[in-house]
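Chain naming here is simple, since letters A, B, ... match the order of the sequence lines and numbering starts at 1 in each.
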Amino acid sequence: KQEVTQIPAALSVPEGENLVLNCSFTDSAIYNLQWFRQDPGKGLTSLLLIQSSQREQTSGRLNASLDKSSGRSTLYIAASQPGDSATYLCAVSRVDSNYQLIWGAGTKLIIKP
Amino acid sequence: DAGVIQSPRHEVTEMGQEVTLRCKPISGHNSLFWYRQTMMRGLELLIYFNNNVPIDDSGMPEDRFSAKMPNASFSTLKIQPSEPRDSAVYFCASSLTEYNEQFFGPGTRLTVL
């Protein structure tokens, strides 16, 4: 059974720092991995999607990597800003049912001005 | 595009009442998902539609829950009768195909008293 873990559950860093959020999964047979952010009281915003054949994806100050063999993904945020404060969730989709996302519990990120 | 649209944004009702949540997916997307989010259980997939046809409703908790998608631009999730344990945030999401990233609506926060 696929399980997705995000550690730490919460992270607080000063503005301007580069930081890494971690996501691990137990079964390497994934179709893709997606990173989302969720602001309090709001919906989820898709940040990056990495196909199982890819190693990384970049969007602006965000870079996501994928290592299927070790069951890990990282989300790198460069030059963090207070506006980056949110909960970040990762989700993996199953090979046998691509639409089925298995979710991590999220990392709550606070960027201090 | 306006993104995924959900209504109402907030719903407060009394136990036993019927609740109908509505969703308009992104135009051109053929996959639609209903999720429920609670603090205890995180995000749960309730039902998945592909080309307006329910493909997987294994996440629908009970017969009190039903979902329809009469056309490509509209879906409803109905709870009848509602119970306090149904209180949660309900999200609708759509994707171009089941293989693509999912885009979420702002959610409906349901409170059943």
Side-chain angles (χ1 to χ4, degrees), chain A residues 1-7 9-10 23-25 29-54 56-59 62 64 66 73 75 86-108, chain B residues 1-10 21 23-26 29-51 53-60 88-111:
Chain A
K1 178 187 173 185
Q2 179 73 275
E3 293 183 0
V4 180
T5 304
Q6 293 185 249
I7 295 174
C23 173
S24 61
F25 46 94
I30 65 171
Y31 186 76
N32 60 40
L33 183 146
Q34 201 166 352
W35 282 94
F36 296 86
R37 70 173 279 170
Q38 185 172 25
D39 296 277
K42 298 191 177 179
L44 286 79
T45 302
S46 176
L47 297 173
L48 290 164
L49 180 144
I50 311 177
Q51 300 290 352
S52 61
S53 59
Q54 297 175 319
E56 65 178 339
Q57 282 285 343
T58 298
S59 176
L62 305 180
L66 174 63
S73 176
L75 179 67
T87 296
Y88 289 80
L89 298 107
C90 73
V92 300
S93 66
R94 294 165 41 176
V95 171
D96 57 344
S97 57
N98 311 126
Y99 61 89
Q100 182 83 27
L101 293 179
I102 312 300
W103 296 85
T107 294
K108 184 175 182 180
Chain B
D1 199 312
V4 177
I5 299 172
Q6 291 187 247
S7 65
R9 293 293 309 277
H10 302 273
L21 311 181
C23 174
K24 175 179 169 55
I26 294 173
H29 285 192
N30 74 2
S31 296
L32 183 138
F33 310 83
W34 282 100
Y35 289 90
R36 178 172 66 177
Q37 186 179 38
T38 60
M39 288 293 293
M40 291 295 294
R41 300 172 68 91
L43 274 158
E44 302 172 280
L45 177 65
L46 300 177
I47 188 168
Y48 159 57
F49 289 89
N50 185 275
N51 289 320
V53 176
I55 302 299
D56 182 355
D57 65 355
S58 60
M60 296 287 262
V89 181
Y90 290 81
F91 289 106
C92 176
S94 71
S95 62
L96 192 60
T97 73
E98 65 183 79
Y99 306 106
N100 296 95
E101 63 186 308
Q102 296 182 21
F103 294 88
F104 282 69
T108 296
R109 182 172 295 276
L110 174 65
T111 302

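Using a 30° and 60° split on the angle between ring planes, Tyr48(B) and Tyr99(A) fall in the parallel class, below 30°. In this pair, Tyr35(B) and Trp103(A) present their aromatic rings perpendicular. The plane angle is above 60°, beyond the 30 to 60° band.
With respect to chain A, the highest number of heavy-atom pairs below 4.5 Å among Arg9(B), Gln102(B), Glu44(B) belongs to Gln102(B). In terms of heavy-atom pairs under 4.5 angstrom with chain A, the leader among Gln6(B), Arg109(B), Glu101(B) is Glu101(B).
Put simply, the side chain of Thr45(A) does not reach to within 4.5 Å of the side chain of Gln38(A), judged on heavy atoms.
Taking the six-membered ring where the residue is Trp, the centroids of Phe33(B) and Phe91(B) are separated by 6.0 Å or more.
In this structure, chain A has heavy atoms under 4.5 Å from both the backbone and the side chain of Leu43(B). For a residue to count as touching a neighbouring chain, one of its non-hydrogen atoms must lie under 4.5 Å from one of that chain's; by this rule Leu44(A) touches chain B with backbone and side chain alike. For Asn100(B), the part lying under 4.5 angstrom from a heavy atom of chain A is the backbone only. Using a 4.5 Å cut-off between heavy atoms, Gln37(B) touches chain A through its side chain atoms alone. The parts of Tyr99(B) that come within reach of chain A are both its backbone and its side chain, each placing non-hydrogen atoms under 4.5 angstrom from that chain.
Within a 6.0 Å sphere centred on CZ of Arg94(A), other residues, nucleotides and ligands contribute more than 12 heavy atoms.
Atoms CG and CD, on Asp56(B) and Glu98(B) in that order, are 11.0 Å from each other to the nearest 0.5 Å.
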